[in-house]
Engineer: 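Can you keep this structure in mind? I'll have questions shortly.
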Amino acid sequence: MDHVTSTTETHRMQQSSLVAVPVGPLIIPAILTPTVYQGEPVSFSLLTSTKPPLLSLVIPTYNESRNVRAIVEQLTTLLDRKIPGNYELILVDDDSPDGTWEVASALSKACPQLRVMRRQQERGLSSAVIRGWQVARGEILGVIDGDLQHPPEVLLDMLSAVRNGADLAVASRHVGGGGVSDWSVVRRFLSRGAQFLGLLILPNVVGRVTDPMSGYFMVQRYAIQNHSLNPKGYKILLEVIGRGQVKTIAEVGYVFQERTAGESKVTWRQYVDYLHHLVRLRSRGRVARLRQKFPLKRFLRFGIVGLSGVFVDMAVLYLLHTTLGLNLTRSKILAAEVAIINNFIWNDAWTFSDVVQKQQGWGARLRRFLKFNLVCLSGLVLNVLVLNVIYNIVFGQRYAYLANLIAIALVTLWNFWLNLKLSWRVTKVK
Ligand SMILES: Nc1nc2c(ncn2[C@@H]2O[C@H](COP(=O)(O)OP(=O)(O)OP(=O)(O)O)[C@@H](O)[C@H]2O)c(=O)[nH]1
Ligand SMILES: [Mg+2]
C-alpha cells in the first residue's frame, strides 16, 4: 500500500515539474509571453539563472527511454564545458508508451538545464519541435534527435557559425566530413530520390542546402519568430527555410550514426507526408497573392446577388407581361431595370459595403448607380456577342443553352471586374 502511495506521489511530482504544452497556432514568439500557454505560465524555477540562455535545444522523442540518459549526459558534458549556464535542453515527448518523459523528468531533478514536456493531445516530430521552441527562452533555437544518431560535438561548430552571423546552421551529411555510417543501398536511394524530387517541386527551398533532409540544425530566433508555421511529417528544416526569413546559411559536415538502442519511427507515411509538405510549401504565398489579386469572397457575394436578380427579373416579367398584359419587349426592359436596381442595392449594402464606407453621400451613391447601369448594359451586349460566337463558330450551331451558360459565366466575371474597377473603385488619393 505504501509502495502504491509513493509511486502515485512520485508520478504527481513528476507531472507538476513538467513544462506546460503550448496550445493554439504554431508561432514562435519574439519574446516569451505567458499567453501562449494553457492555464498557468511556464515555470522557470528549475533553471539556475533567470537570465535567458543563449541556446535552447529541443530534443523530440518517442520511445527513446533507452537513449535519454546517454543523450542528456553527452549534451550537458559538452555544453557545460563550452557555454556553462547559458543553455537549456527541452525534451518534447509525445507521451511515449515506454515512459521516456518519466525517465527524462527524473533526470531533470539533478539537471536543472533539462526541461521536459509531455504532449498528450498532439503528435508528430515537426510540431513537437515547434512546441518546444515556443517555450524556449534562448535567442538561438536548435534541434537534435534523441536517439544518439546526431553526434553532439557538431553542435559547437553550428553554434559558432550562428554566433558569427549565420541565420541558420545545418548539420549536413553531404559536405566535407559528412556521411552516413551504414545505410543500405535502398535507404540511400530513397533519401537521394526524395532530395531530387524536392529540387523539382521546391527548388528555392530544397536547393539552398546540401542536406535538406537534415533534422539537426540551429536557427536564430529572429529568423522564424512571428511566422505561422505549418509543418507536416519529419522535415522541419524545410518549414524553417520555406517560411522563415533565412538569409545566410552555414553548413557543417557530420556522420549520421547507427542506432544502438530503440527503434526507428520512419515508415512510408513519412515519404507521403514529405511530398504533401513540399506541395503545401510550394503553394504558400501564391494562394495569398492570388487572393489579393482575385477577391474570391467578394466575387461569391456578387454571384449570389446576381442570382437574386434573375428571380426578380422573372417575377417582374411575369407580373408585367402575363398578369398585366404589357408587350414582351417593354416588360423585359422594365424587368431588367428592376433587377439592376435590386442588384445595385444588395451589392452596395453587402458585396462592397467596406468600399461604400469611404464613399458616403447620395451624390456618390448616384454615381455608383449610373456606372453600375452602364456596366450591366455593356454586359448585355457582350452576352449577346459571346453567345453568338460560341454557338455559331465554336459549337457549329449546336448546344445553344450550353453556349448561353458559358456566356453568362464570362459576362459575370466581366461585370464583376468592371464594377470592381469602376463603380466601387477605391481611390488611394483623396
Ligand atoms: N515527439 C516526437 N518525437 C518523435 C516522433 N517521431 C520521431 N520522433 C523522434 O525524432 C527523432 C528522429 O526520429 P527517428 O525515427 O529516429 O528518425 P530518423 O533518425 O530520421 O531515422 P532512423 O535513421 O531510421 O532512426 C528521434 O529522437 C525520435 O524519437 C514523434 O511523433 N513525436
Ligand atoms: Mg533516428
Side-chain angles (χ1 to χ4, degrees), residues 18-19 21-22 26 57-72 74-75 89-105 107 114-136 142-152 154-155 170-174 178-195 198 211-217 229 231-239 254-274 277:
L18 293 171
V19 173
V21 183
L26 296 167
L57 191 63
V58 168
I59 313 166
T61 57
Y62 192 74
N63 283 346
E64 302 290 0
S65 62
R66 289 163 61 201
N67 290 314
V68 156
R69 178 178 291 277
I71 182 108
V72 170
Q74 289 186 18
L75 289 173
L89 305 177
I90 304 168
L91 187 138
V92 184
D93 186 61
D94 285 359
D95 207 16
S96 300
D98 77 350
T100 305
W101 65 273
E102 271 178 307
V103 178
S105 181
L107 284 175
L114 176 64
R115 300 164 64 199
V116 181
M117 186 189 289
R118 176 194 184 190
R119 296 201 309 167
Q120 289 173 290
Q121 313 295 336
E122 279 176 327
R123 286 283 142 96
L125 174 53
S126 293
S127 68
V129 176
I130 298 174
R131 290 299 184 206
W133 285 341
Q134 280 184 303
V135 300
V143 56
I144 184 168
D145 281 1
D147 55 7
L148 302 166
Q149 289 185 288
H150 292 157
V154 179
L155 280 175
V170 183
S172 166
R173 290 163 289 191
H174 308 311
V180 285
S181 33
D182 208 10
W183 274 16
S184 68
V185 180
V186 175
R187 184 142 191 208
R188 279 170 206 260
F189 176 78
L190 282 176
S191 176
R192 285 300 196 173
Q195 186 172 355
D211 191 358
M213 308 297 145
S214 177
Y216 191 17
F217 61 90
L229 303 172
K232 177 118 193 142
Y234 260 42
K235 304 304 168 197
I236 176 77
L237 178 60
L238 295 182
E239 191 68 10
Y254 86 101
V255 178
F256 194 78
Q257 304 297 311
E258 279 307 296
R259 242 185 202 279
T260 51
E263 276 167 23
S264 166
K265 282 97 214 169
V266 178
T267 61
W268 277 102
R269 180 68 203 258
Q270 268 72 49
Y271 291 94
V272 176
D273 281 351
Y274 169 67
H277 194 190

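Everything numeric in this text was worked out from a predicted model, so none of it was measured. Each ligand, and each atom within it, is numbered from 1 in the order the structure gives.
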Engineer: Ignoring angles and geometry beyond distance, decide whether Pro60 reaches within less than 3.5 Å of ligand 1 through its nitrogen or oxygen atoms.
Structural biologist: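 Yes, Pro60 has an N/O under 3.5 Å of an N/O on ligand 1.
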
Engineer: Look at atom 18 (P) of ligand 1 and say which protein heavy atom is nearest, naming residue and atom and giving the distance to 0.1 Å.
Structural biologist: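 The answer is Val266 CG2, 3.9 Å.
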
Engineer: Please verify the inter-ring angle class for Trp268 with Tyr271; under 30° counts as parallel, over 60° as perpendicular, anything in between as tilted.
Structural biologist: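 Judged by the thresholds at 30° and 60°, the geometry between Trp268 and Tyr271 is tilted.
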
Engineer: In the protein, what heavy atom is nearest to atom 15 (O) of ligand 1, and what distance, to one decimal place, separates them?
Structural biologist: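 Scanning the protein heavy atoms, the shortest distance from atom 15 (O) of ligand 1 goes to Lys265 N, 2.7 Å.
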
Engineer: Tell me which protein heavy atom sits closest to atom 28 (C) of ligand 1, plus the residue, atom name and distance to 0.1 Å.
Structural biologist: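 Result for atom 28 (C) of ligand 1: Glu64 OE2, 3.2 Å.
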
Engineer: Is Gly215 near ligand 1, meaning one of its heavy atoms is under 4.0 Å from it?
Structural biologist: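 Contact absent.
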
Engineer: What do you reckon, is CD of Glu258 surrounded by more than 12 foreign heavy atoms closer than 6.0 Å?
Structural biologist: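 More than 12 heavy atoms, drawn from other residues, nucleotides or ligands, come within 6.0 Å of this atom.
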
Engineer: Report the distance from atom CG of Leu57 to atom CG of Leu91, rounding to the nearest 0.5 Å.
Structural biologist: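 Rounded to the nearest 0.5 Å, the CG-CG separation comes out at 10.0 Å.
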
Engineer: Indicate yes or no for a side-chain donor-acceptor contact from Asp211 to the backbone of His174 under 3.5 Å, with no hydrogens or angles considered.
Structural biologist: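 It does not hold such a pair.
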
Engineer: In terms of residue, atom name and distance, what is the protein heavy atom nearest to atom 24 (O) of ligand 1?
Structural biologist: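 The closest heavy atom on the protein side is Ser264 OG, 2.5 Å.
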
Engineer: Distance under 4.0 Å to a non-hydrogen atom of Val92: what atoms of ligand 1 satisfy this?
Structural biologist: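 Those of ligand 1 that fall under 4.0 Å from Val92 are 1 (N).
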
Engineer: Just heavy atoms, cut-off under 4.0 Å: does Arg119 contact ligand 1 by side chain, backbone, both, or neither?
Structural biologist: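 Within the 4.0 Å criterion, Arg119 makes no contact with ligand 1.
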
Engineer: Are any of the N/O atoms in Ala128 less than 3.5 Å from those in ligand 1?
Structural biologist: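 In fact, backbone or side chain, Ala128 has no N or O that close.
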
Engineer: Can Arg173 and Ser191 be counted as having a side-chain donor-acceptor contact under 3.5 angstrom?
Structural biologist: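 Per modelled atom types, Arg173 and Ser191 side chains form no pair under 3.5 Å.
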
Engineer: Between ligand 1 and Arg123, can you find any atom pair, the residue atom being a heavy atom, that is separated by under 4.0 Å?
Structural biologist: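 Not so, Arg123 does not reach ligand 1.
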
Engineer: What's the spacing between Leu114 CG and Ile59 CD1 if we round to 0.5 Å?
Structural biologist: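 It is 6.5 Å, given to the nearest 0.5 Å.
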
Engineer: Determine whether any heavy atom of Arg187 lies closer than 4.0 Å to an atom of ligand 1.
Structural biologist: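 Judged by the 4.0 Å heavy-atom criterion, Arg187 does count as contacting ligand 1.
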
Engineer: Assess the residue pair Asp94 and Arg119 against the criterion (salt bridge (charged side-chain N to carboxylate O under 4.0 Å, His left out)); give the C-alpha distance rounded to whole Å, side-chain angles, the decisive distance to 0.1 Å, and a yes or no.
Structural biologist: CA-CA 5 Å; Asp94 285 359; Arg119 296 201 309 167; 2.8 Å; yes

Engineer: Taking distance alone, with no angle check, do Asp147 and ligand 1 share an N/O pair under 3.5 Å?
Structural biologist: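 It does: an N or O of Asp147 is found under 3.5 Å from an N or O of ligand 1.
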
Engineer: Taking ring pair (Phe, Tyr, Trp, His ring centres under 6.0 Å) as the test, write out the residues that go with Tyr62, two or more places apart.
Structural biologist: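 Ring pair (Phe, Tyr, Trp, His ring centres under 6.0 Å) check on Tyr62 returns nothing, list empty.
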
Engineer: Show your working on salt bridge (charged side-chain N to carboxylate O under 4.0 Å, His left out) between Arg259 and Glu64 and close with a plain yes or no.
Structural biologist: CA-CA 11 Å; Arg259 242 185 202 279; Glu64 302 290 0; 2.9 Å; yes

Engineer: Would you check, one step at a time, whether the test side chain to side chain contact (heavy atoms under 4.5 Å, CB included) holds for Met117 with Val135?
Structural biologist: CA-CA 10 Å; Met117 186 189 289; Val135 300; 3.8 Å; yes

Engineer: Listing residue and atom name, which protein N/O/S atoms are closer to the Mg ion (ligand 2) than 2.8 Å?
Structural biologist: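 Listed by chain and number, the atoms are Asp147 OD2, Gln149 OE1.
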
Engineer: Look only at the side chain of Asp147 and the backbone of Asn67, and say whether a donor-acceptor pair between them is shorter than 3.5 Å.
Structural biologist: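 It does not hold such a pair.
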
Engineer: In this structure, are over 12 heavy atoms from other groups packed under 6.0 Å from Arg123 atom CZ?
Structural biologist: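 Atom CZ in Arg123 is crowded, with more than 12 foreign heavy atoms closer than 6.0 Å.
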
Engineer: Is the number of heavy atoms from other residues, nucleotides or ligands within 6.0 Å of CZ (Arg69) greater than 12?
Structural biologist: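 Result for CZ/Arg69: open.
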
Engineer: Using modelled atom types only, decide if a donor and an acceptor are shared between the side chain of Glu122 and the backbone of Gln120 within a distance under 3.5 Å.
Structural biologist: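 No: the side chain of Glu122 does not pair with the backbone of Gln120.
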
Engineer: Pull out every atom of ligand 1 sitting under 4.0 Å from any heavy atom of Phe256, numbered as shown with elements.
Structural biologist: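 Near Phe256, the atoms of ligand 1 are 19 (O), 23 (O).
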
Engineer: Any nitrogen or oxygen of Tyr234 lying under 3.5 Å from a nitrogen or oxygen in ligand 1? Just yes or no.
Structural biologist: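 N/O-N/O distance below 3.5 Å exists for this pair.
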
Engineer: Give the residue and atom name of whichever protein heavy atom lies nearest to atom 4 (C) of ligand 1, and the separation in Å to one decimal.
Structural biologist: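 Looking only at protein heavy atoms, the one closest to atom 4 (C) of ligand 1 is Tyr62 CB, 3.8 Å.
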
Engineer: For atom 32 (N) of ligand 1, what's the nearest protein heavy atom and its distance?
Structural biologist: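 The closest heavy atom on the protein side is Asp94 OD2, 2.7 Å.
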
Engineer: Geometry only, no angles: is Thr61 polar-contacting ligand 1 at N/O separations under 3.5 Å?
Structural biologist: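 Checking ligand 1 against Thr61, an N or O pair does fall under 3.5 Å apart.
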
Engineer: Would you call the rings of Trp133 and Phe217 parallel, tilted or perpendicular if under 30° counts as parallel and over 60° as perpendicular?
Structural biologist: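 Geometry flag for Phe217 against Trp133: perpendicular rings.
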
Engineer: Return yes or no for this condition: an N or O of Gln149 is under 3.5 Å from an N or O of ligand 1.
Structural biologist: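 Yes, at least one N or O pair falls under 3.5 Å.
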
Engineer: Between Leu26 and Arg131, is a side chain to side chain contact (heavy atoms under 4.5 Å, CB included) present by the stated rule, with each step listed?
Structural biologist: CA-CA 7 Å; Leu26 296 167; Arg131 290 299 184 206; 3.4 Å; yes

Engineer: Just to be sure I read this right, does ligand 1 sit under 4.0 Å from the backbone of Asn63, its side chain, both, or neither, counting only heavy atoms?
Structural biologist: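 No part of Asn63 is near ligand 1 at this cut-off.
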
Engineer: Can you tell me the protein heavy atom closest to atom 8 (N) of ligand 1 and the distance?
Structural biologist: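 For atom 8 (N) of ligand 1, the nearest protein heavy atom comes out as Leu125 CD1, 4.0 Å.
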
